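This structure is a prediction, so every number in the text was calculated from the model and none was measured.
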Amino acid sequence: MQKFTEVDRIDAKKRDVVARVKDFDEIYEVFADNKASEQSDRCIQCGDPYCHNKCPLHNLIPQWLKATASKDFELAFALSNEPSPFPEILGRICPHDRLCEGDCTLNDGYGAITIGSVESFINEEGFKRGLKPKFAPISGDKKVAIIGAGPAGLSCATFLLREGIAVEIFDKQNRAGGLLSYGIPGFKLEKKIVERRVDLLKDAGAIFHQNCEIGKDISFEELKTNFDAVFIGVGATAGRQSDIKGSDGENALLAMDFLTTIQKKLFGESYDKSVDVKDKKVVVIGGGDTAMDCVRTSLREGAKSVECHYRRDASSMPGSKKEYVNAKEEGVEFSFYVSPKEVILNDNGEVIAIEMVKTRLTQNSSGRSVVEEIAGSNFRVDADVVIFALGFDTVNYSFLASNGIDVDKWGGVMVDENGETTLAGVYAGGDCHRGADLVVTAVKDGREAGKAIAKKLLNS
């Protein structure tokens, strides 16, 4: 260990940019075992590891880096899977530069260890060697209903199954995964990776009910009656609408509607064929990871040009830096310090342009930076499609209020320290509780709720 003075940080190799924009395959290659061990060997094994502390799951990062450095891949696999329900997924999609790698001690002069790439390697190597995460045999008559097969729901199911508690998952989509399947493009997360984890849960005894919507195909009251506990992990899927004039025009789209439609198309499922960017000028408004997903998806769908407009500067973009870099490499044009004022429509209600205004950062009375529009700086950008990636809000499901499940002023489901809602025996977690956030925080919520449910049911 501690070979950081001899070995530089190396990122996972990316596919050639000309080739990768032609398909939706992952752009990063998985480390070879010698490269993963070499990078792991850079770890200085901090006494108080910041990487572990900054990870929402408190992954055992120094421990599995040490095991990987010594090529004990079976131990590394076990350590990686202990606190995490699907580390090979999070190793691909977490914003490591803002979390574990961002707090790595070696950032000060040497470059952080490539934790995410090593995490993906550990699990892909483990699966290649026939290793599988461990689940307890289902025993007893306790069973839990999970609403939503996204990150929080799959995480909750994982930790319940580890305790031998039966789970049934009810999900309105055609296939399990939620955001992992329909929202995150394949160039970041190939869908076979998600399907593999779902299959492992099925092998452990999980029962999935797809195309099953609560309140339509089955009532919430039935779940409450027929199961010993219920976990709600429905996410925050309502795209945040723009209030500018013309934002309801044809080809003025919300980010998740666009991404989901394209993914359904790739899956061969029924989709809205009016959503089409081929040979069109696409403008995306926003600066987070979802905006980067939209611009990069548009390129792969054959857009004539793709521009991203953001009201602050590049350093203020809330997403992962590597996604911005990847988008630039692939040919996306960026414009900063600009904000939309109006979507220009023709007589048929179709998008033909968007009016923008230049912005600058100022400080308010409390010293916080705020965006200020510059008077008289309006300009027009030609566009055939405008995609708004402005964030997400929770959905006000009718079964919440009708069953006495309280929400906060933002519409998030209220829970206590165990993840239990105001209705006894009903738990919630992920974006439907905290609002739109990272996948890893939803995973943590699902894990903690699963453990709390298991403790209560096994002691009752």
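Two rings, from Phe220 and Tyr397, have their centers 6.0 Å or more apart. With ring centers used as reference points, Phe121 lies 6.0 Å or more from Phe31. Taking the six-membered ring where the residue is Trp, the centroids of Phe4 and Tyr110 are separated by under 6.0 Å. In this structure, Phe334 has its ring center closer than 6.0 angstrom to the ring center of Tyr324.
Figure legend: cation-pi geometry between Arg360 and Tyr337 absent, as NZ or CZ is not positioned both under 6.0 Å from the six-membered ring centre and within 45° of its axis. The side-chain tip of Lys143 points at the ring of Phe227 from less than 6.0 angstrom away and within 45° of straight on.
Side chain of Thr421 to backbone of Val426: a donor-acceptor contact under 3.5 angstrom is found. At least one donor-acceptor pair under 3.5 Å links the side chain of Arg162 to the backbone N or O of Glu82. Without hydrogens or angle criteria, His52 side chain to Asn59 main chain gives a donor-acceptor distance under 3.5 Å. Using a distance-only test at 3.5 Å, with no hydrogens or angles considered, no donor-acceptor pair links the side chain of Ser40 to the main chain of Thr68. No donor-acceptor pair under 3.5 Å is formed between the side chain of Ser80 and the backbone N or O of Phe77.
The pair Glu269-Arg175 meets the salt-bridge criterion, since a charged nitrogen lies less than 4.0 angstrom from a carboxylate oxygen. Salt bridge present: Glu88 and Arg197 bring a charged side-chain N and a carboxylate O closer than 4.0 Å. Salt-bridge check for Arg9 with Glu101: passed, with a basic side-chain N closer than 4.0 Å to an acidic carboxylate O. A salt bridge links Arg20 with Glu330; the closest basic N to acidic carboxylate O contact falls under 4.0 Å. Salt-bridge formation is not detected for the pair Lys191/Glu195: no Lys NZ or Arg NE/NH1/NH2 atom is positioned less than 4.0 Å from an Asp or Glu carboxylate oxygen. A salt bridge is defined here as a Lys NZ or Arg NE, NH1 or NH2 lying under 4.0 Å from an Asp or Glu carboxylate O, and Lys455 with Glu163 fails to meet this definition. Ion pairing between a basic and an acidic side chain is recognised when a charged N comes within 4.0 Å of a carboxylate O; Lys3 and Glu6 show no such pairing. Note on Asp103 versus Arg98: no salt bridge recorded, every NZ/NE/NH1/NH2 to OD/OE distance being 4.0 Å or above.
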Apply side chain to side chain contact (heavy atoms under 4.5 Å, CB included) to the pair Trp64 and Ile115, showing each step before the final yes or no.
CA-CA 10 Å; Trp64 49 252; Ile115 295 170; 3.6 Å; yes

Where do Asp72 and Ser70 land on the side chain to side chain donor-acceptor pair (under 3.5 Å) test, with the steps shown first?
CA-CA 6 Å; Asp72 188 344; Ser70 60; 5.4 Å; no

Determine whether Ile214 and Phe170 satisfy the following criterion, side chain to side chain contact (heavy atoms under 4.5 Å, CB included), listing intermediate values before the conclusion.
CA-CA 8 Å; Ile214 306 305; Phe170 300 82; 4.0 Å; yes

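When Lys188, Arg92, Lys192 are each tested for a salt bridge (Lys or Arg N to Asp or Glu O under 4.0 Å) with Glu26, only one passes: Arg92.
In the model, Lys451 has no side-chain atom that pairs as donor or acceptor with a side-chain atom of Asn418 under 3.5 Å. There is a side-chain donor-acceptor pair under 3.5 Å between Asp97 and Ser320. When only modelled atom types and interatomic distance are considered, Arg312 and Ser369 share a side-chain donor-acceptor pair under 3.5 Å. Residues Asp313 and Ser316 bring a donor and an acceptor atom of their side chains to less than 3.5 Å of each other.
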